[in-house]
Amino acid sequence: MVCSVSICAGEIFELKAELNSDKKEKKKEAVKKVIASMTVGKDVSALFPDVVNCMQTDNLELKKLVYLYLMNYAKSQPDMAIMAVNTFVKDCEDANPLIRALAVRTMGCIRVDKITEYLCEPLRKCLKDEDPYVRKTAAVCVAKLHDINAQLVEDQGFLDTLKDLISDSNPMVVANAVAALSEIAESHPNSNLLDLNPQSINKLLTALNECTEWGQIFILDCLANYTPRDDRESQSICERVTPRLSHANSAVVLSAVKVLMKFMEMLPKDLDYYGTLLKKLAPPLVTLLSAEPELQYVALRNINLIVQKRPEILKHEMKVFFVKYNDPIYVKLEKLDIMIRLASQANIAQVLAELKEYATEVDVDFVRKAVRAIGRCAIKVEQSAERCVSTLLDLIQTKVNYVVQEAIVVIKDIFRKYPNKYESVIATLCENLDSLDEPEARAAMIWIVGEYAERIDNADELLESFLEGFHDESTQVQLQLLTAIVKLFLKKPTETQELVQQVLSLATQDSDNPDLRDRGYIYWRLLSTDPVAAKEVVLAEKPLISEETDLIEPTLLEELICHIGTLASVYHKPPSAFVEGSRGVMHKRLPARTGSGESTESPDVGTAAGGSAPEAAPSIIPSQGDLLGDLLNLDMAPPTTSGPPPPTTGMQMGGMDLLGGGLDSLVGISHSVDPYAATPAAPAVMPASLNAPVGGGLGDLFDLGGGVGMPMGAYIPPKIVWLPAMKAKGLEISGTFARRAGVIQMELILTNKAMSVMTDFAIQFNRNSFGLAPAGPLQVLTPLGPNQTIEVSLPLSTVGPVMKMDPLNNLQVAVKNNIDVFYFSCQYPISMLFVEDGKMERQLFLATWKDIPNDNESQFQIKDCHLNSDAASSKLQGSNIFTIAKRTVEGQDMLYMSIKLSNGIWVLAELKVQAGNPNYTISLKCRAPEVSQCVFQCYEAVLKN
């Protein structure tokens, strides 16, 4: 809020008199005084009519001052501002192009709804003005007007005029038209305003050479949103953009790098030009590092992304990333990170020599990172591991406390990467045990002692020394100490029984930390009931640690590469993570190398329910490998539906299969419509007579009189932990799936094991095989406090987007709360999708069984099942697996069953039950044989529970 200073009546009177003076100079001086008062916060709105009267002048300087006053006070005096409309209209037809441009620029800055409609005609004329300066100013005015009243701009056809300006002969007009359209497109992600094609791209590239540096940036950013048709077009664009790499403005250079990085994706790696382009990209990036520190930092953050995507670009430029003595700390740390990413067998000697030098610096944070970097080199370049360990031992000998502690932390990681190779240094590490005072270093040393207890003669004494101040240690050290002493006990049980009892007692009885207490109880129970199992669990072989643990996730990296030169590339976060409102939620991706014309922007961005909500719906990336990617937009609006939709009938979903293309395309049969997908449901009760004649084959199976028992209720799997608290910042999620009264329910138990309150829960599913999606919001109505648990039932629908998963019943889920977004996968029993109208009429069953090819039949064994056929039939019917008929052949009961899935797929089954034999045989026939394995698993689960 601007603080306004009162201005005395006498001063107002004087200014009013001067503003109405006949002398032009006196009038100009008066307006300058008014602007000066306005600038320091004085309220001079009382002079509005007098200042507006001064607009009628040919003096450009005076007109600029009046327009400045008008922009400031028009919002608070909208009725008075209308007085200026006629002058705007008149100025837009002035002979002087500067006055015409000034008028249209001011019009765009006056954000008053009452005035905007009067300005449409002058703006239309200025967009077609003969002077390019006026046209370029008018182009920007359209974007400003769109921000005030989008509907008006669309109705008046200004967007089409703006698109026409892309073909303008003046490059600055083209640049401003592109900037305006890009701005409008950002606020309307689904509109296709910048409809780029080879012809328009050619015009933009022509304009690129002649416009100003900021015009070049607008055009380059626009080019980055285009996907070339093939590698030839991609190469052609790269050749015309490459000269921008030598521009003096670093923003132009980074925008050009962004375009080239994106279009390189489509170039074959064996192409000569590909290698040439890699060489051309290095020098401009190196040049950016000779700028002032702030620009260096921005360049380094962008280079960090580029190196993760294409390390070959800068693999020969290691020396430019060596730290200078006068670099600020933020530049030093960033350079260090890039040095590790570029480290290879060829340059590792050089890198290690530098890092050893850095470890003797005075800046503590930098020294710590340098020591840690030596360890990362050892893990990344195996051939250098011995040299790295030797360097770390030299640093430990310096006895500098923080250096020693960092060295011990990284040596622990080296032990994990190269087991049984460098354990000879343990004795040296143990000598420095007393000097460790940081939790991470103490925990690392305890891990080493516990892991290699059999090689350390006095391991029990060393661990006992830590135990003395157990309650004063951090949680990290306490947990590590508990595990290390249990390991020691399993390796030397006779000598350390008293020690293990002491630590278990401290962890379970004297501690109020739930994590420590739980781990203590688990170890206690394991050791007291099954020491062999305890040994297998606690002393299990550990997986080798990966080379680089801090690499950005591939999908996010691709998106950040598309945002090089923007804040996203500095924060290393997508725009949607820090841009509020509807802007910035467009998720970009690099194009496919095949040149298939795949969009660089996620095709799945849609508007929220109702079409008018300001927040965009979350974009779901349709590949399974990225583990949901940006699945859950943090500003996601909850679904507007209040309850689950009715179960989908076969008629509605009849032809849809797991791949979303119809059953027939899945099984490869000639006709286009499945004759059985939309079959009306059979009556729920079996007809009284089952003696209708059926010709040959399976006909006699229906000649039976035995009835089917009453159903026992649907099988619901027990709840299991889907998301452990340690992976979700204290939020534990367990659950199961159930089907009740035709509605699929996801039953969740949310437990808060953190110390802070959790609120604002929301849930989203990735695409899946059967289109499962939440039918309503996640109803957590009260905040979830520490150590609290809440049970939630989420109704699900089956009308969501479909994508075949592996396994078929895999479901990828994202849960959001006020702390973060968490991802997990779970598998739902396919029986949740068995619908209530799945009982097939017996004649149709027979015809369908014959019609489905024998190749689609699968046979399975269900072992250790002790139910008779009637009990089995009754149990299965509770889960919508319906028995059509039963017959007995040579003491073996044959049950014939039908199942209908929510997407219209029918599964037919033959279950063989032999009296006294606990093993059943089941044959399944289906037009989509992929589902058979899941259906068998459901049979097994239902019958055995």
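Here the structure is a predicted model, which means the values were calculated and not measured.
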Evaluation steps, side chain to side chain donor-acceptor pair (under 3.5 Å), between Gln861 and Thr921:
CA-CA 5 Å; Gln861 288 281 325; Thr921 302; 3.2 Å; yes
So, taking the atom named CZ in Phe765 and the one named OG in Ser797, what distance separates them when rounded to the nearest 0.5 Å?
9.0 Å
Check this for me, if you would: do Asp760 and Lys816 make a salt bridge, where the nitrogen-to-carboxylate-oxygen distance has to be below 4.0 angstrom?
no
Over all heavy atoms of both residues, which pair between Gly785 and Val757 is shortest? Give the atoms and the distance, please.
CA-CG2, 4.3 Å
Are Gln892 and Thr888 side-chain neighbours, meaning at least one heavy-atom pair lies under 4.5 Å?
no
Keeping Ser898 on the side-chain end and Met840 on the backbone end, is there a donor-acceptor pair under 3.5 Å?
yes
So, are Glu559 and Lys573 salt-bridged, with charged N and O less than 4.0 Å apart?
no
Validation row: Cys865, Pro918 side chains within 4.5 angstrom (heavy atoms)
no
Taking ring-ring contact (aromatic ring centres under 6.0 Å, His included) as the definition, give me every residue that meets it alongside Phe860, ordered by chain and number, with sequence neighbours left out.
Phe936
Who are the salt bridge (charged side-chain N to carboxylate O under 4.0 Å, His left out) partners of Lys925, not counting sequence neighbours?
none
Among Thr759, Asn818, Asn817, which residue satisfies the side-chain contact (heavy atoms from CB on, under 4.5 Å) criterion with Pro783?
Thr759
Taking all non-hydrogen atoms of both residues into account, name the closest pair between Trp849 and Ser923 and its distance.
CH2-O, 4.3 Å
Restricting to non-hydrogen atoms, name the atom on Cys826 and the atom on Met746 that form the minimum distance, rounded to 0.1 Å.
SG-CE, 4.4 Å
Apply side chain to side chain contact (heavy atoms under 4.5 Å, CB included) to Arg767 and Gln812, showing your working.
CA-CA 8 Å; Arg767 295 176 170 201; Gln812 294 177 332; over 6 Å; no
Begin from the C-alpha positions of Thr798 and Phe770 and carry the test side chain to side chain contact (heavy atoms under 4.5 Å, CB included) through to its verdict.
CA-CA 6 Å; Thr798 54; Phe770 295 93; 5.6 Å; no
How many angstroms lie between CD1 in Ile790 and CZ in Phe761, if you round to the nearest 0.5 Å?
8.0 Å
Compute whether any side-chain donor of one residue and acceptor of the other, for Thr789 and Thr751, lie under 3.5 angstrom apart.
yes
Under 3.5 Å: donor-acceptor pair, side chain of Ser932, backbone of Ser858:
no
Will you find, in the side chains of Gln788 and Asn752, an N or O donor that is under 3.5 Å from an N or O acceptor?
no
Are Leu731 and Asp820 close enough that some pair of their side-chain heavy atoms sits under 4.5 Å apart?
no
What one should report as the nearest heavy-atom pair of Val931 and Cys926 is CG2-SG, 3.6 Å
If we ignore hydrogens and angles and just use 3.5 Å, is the side chain of Arg739 paired with the main-chain N or O of Ser879 as donor and acceptor?
no
Can you name the salt bridge (charged side-chain N to carboxylate O under 4.0 Å, His left out) partners of Arg525, sequence neighbours left out?
none
Return yes if some donor-acceptor pair links the side-chain N/O of Asn768 with the main-chain N/O of Asn766 below 3.5 Å, else return no.
yes
Can you pull the salt bridge (charged side-chain N to carboxylate O under 4.0 Å, His left out) pairs that have at least one residue in residues 771-783, sequence neighbours excluded?
none
Does the Asn919 side chain pair with the main chain of Asp864, one donor and one acceptor, at a distance under 3.5 Å?
yes
For the residue pair Pro774 and Leu796, what are the closest heavy atoms and their distance?
CA-CD2, 4.0 Å
Distance in Å, Met897 CE paired with Ile884 CD1, rounded so as to fall on 0.5 Å steps
9.0 Å
Contact between Arg517 and Arg519 at the side-chain level, heavy atoms closer than 4.5 Å - yes or no?
no
Is any side-chain heavy atom of Glu732 less than 4.5 Å from a side-chain heavy atom of Val721?
yes
Distance from Asn880 atom CG to Ile899 atom CD1, nearest 0.5 Å?
9.5 Å
Taken to the nearest 0.5 Å, the spacing of Trp906 CH2 from Leu901 CG works out to 10.5 Å
Do the side chains of Lys804 and Glu930 get close enough for a salt bridge, i.e. N-O under 4.0 angstrom?
yes
Closest contact, heavy atoms only, Phe882 versus Lys839
CD1-N, 3.6 Å
What do the steps show when you test Glu747 against Thr736 for side chain to side chain donor-acceptor pair (under 3.5 Å), and what is the final call?
CA-CA 5 Å; Glu747 299 188 340; Thr736 187; over 6 Å; no
Does Ser873 use its side chain to pair, donor to acceptor, with the backbone of Ser869 at less than 3.5 Å?
no
Quiz: residues 937-945 side-chain donor-acceptor pairs under 3.5 angstrom, not counting sequence neighbours:
from, atom 1, to, atom 2, distance (Å)
Lys944, NZ, Lys863, O, 3.0
Asn945, ND2, Ala941, O, 2.6

Atom CD1 in Ile881, atom CZ in Phe834: separation rounded to 0.5 Å?
5.0 Å
Under a 4.5 Å cut-off applied to non-hydrogen side-chain atoms, are Thr883 and Gln877 in contact?
no
Passes side chain to side chain contact (heavy atoms under 4.5 Å, CB included), Val813 versus Val815? Steps please.
CA-CA 7 Å; Val813 183; Val815 171; 4.2 Å; yes
Should the pair Phe824 and Trp722 be assigned to parallel (<30°), tilted (30 to 60°) or perpendicular (>60°) ring geometry?
parallel
With the side chain counted from C-beta on, respond yes when Met726 and Asp515 share a heavy-atom pair under 4.5 Å apart, and no when they do not.
no
Say whether, by atom type as modelled, one donor and one acceptor occur between the side chain of Glu553 and the main chain of Leu556 under 3.5 angstrom.
yes
Can any side-chain N or O of Tyr828 pair as donor or acceptor with the backbone N or O of Ala738 at less than 3.5 Å?
no
Scan for salt bridge (charged side-chain N to carboxylate O under 4.0 Å, His left out) pairs involving residues 773-787, sequence neighbours excluded, and state none if there are none.
none
Test Ile862 against Ile922 for side chain to side chain contact (heavy atoms under 4.5 Å, CB included), laying out the working first.
CA-CA 7 Å; Ile862 301 174; Ile922 183 168; 4.3 Å; yes
Does the side chain of Gln745 come under 3.5 Å of the side chain of Ser793 through a donor N or O and an acceptor N or O?
yes
